[in-house]
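Here is the structure we will look at.
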Amino acid sequence: MKLICIIGMGRAGIEFLQSLFDGHSQILQMPGIIRFDQKFICSLELSANSFIDFFIKKNEHFFDSRIQKLERHNQLGSKKNEYYKVDKKKFKSNFLNIYFKTN
């Protein structure tokens, strides 16, 4: 499995590109935007286990869309009252499984 990170800036069409990838059955992606700040860049040098703990803590909005107000993931569905939740333990387990299979 190949892991690829596509980086873009505001108004560059990255959200449109993400919506195109979202419909592909062989592509997994995070729901929304990941902000690359200095702490995130430094976290890339951590062990895989420490990195994923850091990532989960820093990006709570990926795991409960009710707190994702910037991209309106808290207003899903036809009545805008639906949301999604991702199990952090399963996410971590699957991430580490994929990470160690590719490295």
Side-chain angles (χ1 to χ4, degrees):
M1 172 182 287
K2 292 183 181 180
L3 299 176
I4 298 172
C5 179
I6 298 174
I7 299 173
M9 297 178 63
R11 306 208 35 88
I14 200 72
E15 289 181 29
F16 174 67
L17 180 62
Q18 185 179 23
S19 71
L20 294 175
F21 286 150
D22 197 35
H24 196 288
S25 63
Q26 295 180 329
I27 295 177
L28 299 173
Q29 63 180 348
M30 296 304 296
I33 298 169
I34 298 173
R35 308 252 182 254
F36 285 85
D37 58 12
Q38 191 61 36
K39 285 183 181 180
F40 184 87
I41 292 168
C42 290
S43 74
L44 297 174
E45 295 187 18
L46 297 172
S47 69
N49 214 20
S50 294
F51 169 78
I52 200 60
D53 288 338
F54 168 84
F55 181 85
I56 290 170
K57 185 177 179 183
K58 182 172 172 38
N59 296 287
E60 290 283 335
H61 58 281
F62 287 140
F63 302 94
D64 185 346
S65 72
R66 292 174 292 185
I67 58 177
Q68 176 51 296
K69 296 180 182 358
L70 179 64
E71 297 176 66
R72 296 184 302 272
H73 291 192
N74 62 328
Q75 301 175 16
L76 302 175
S78 60
K79 295 181 182 180
K80 302 201 182 302
N81 63 347
E82 297 177 27
Y83 62 93
Y84 59 84
K85 289 187 83 169
V86 175
D87 185 296
K88 294 175 188 175
K89 289 181 183 178
K90 285 183 182 179
F91 178 83
K92 180 177 179 176
S93 174
N94 288 327
F95 173 87
L96 293 172
N97 190 22
I98 291 168
Y99 178 85
F100 288 116
K101 281 184 180 178
T102 59
N103 287 320

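The shortest heavy-atom contact between F100 and A48 is CZ-CB, 4.1 Å.
Grouped by direct or indirect side-chain proximity (heavy atoms under 4.5 Å, Ile/Leu/Val/Met/Phe/Trp/Tyr only), Y83 sits alone.
Put simply, NZ on K88 and CD on E60 are 3.5 Å apart, with the number rounded to the nearest 0.5 Å. Put simply, CG on D53 and OG on S43 are 11.0 Å apart, with the number rounded to the nearest 0.5 Å.
With hydrogens and angles disregarded, no donor-acceptor distance shorter than 3.5 Å links the side chain of S93 to the backbone of K90.
Note on I56: it does not cluster hydrophobically with I67, by side-chain heavy-atom contacts below 4.5 Å among ILVMFWY residues. Taken together through direct or relayed side-chain contacts under 4.5 Å among Ile, Leu, Val, Met, Phe, Trp and Tyr, I14 and F21 form part of one hydrophobic cluster. Cluster membership check: I52 shares its hydrophobic cluster with L44, using side-chain heavy-atom separations under 4.5 Å among Ile, Leu, Val, Met, Phe, Trp and Tyr.
Within the 4.5 Å cutoff, no side-chain heavy atoms of V86 are placed close to those of F62.
Below 30°, between 30° and 60°, or above 60°: for F51 and F54 the angle between ring planes is between 30° and 60°, a tilted geometry.
Using a 4.0 Å cut-off between charged side-chain N and carboxylate O, K39 and D37 make no salt bridge.
Residues that satisfy the side chain to side chain contact (heavy atoms under 4.5 Å, CB included) test with Q68, not counting sequence neighbours, are H61, L70, E71, H73.
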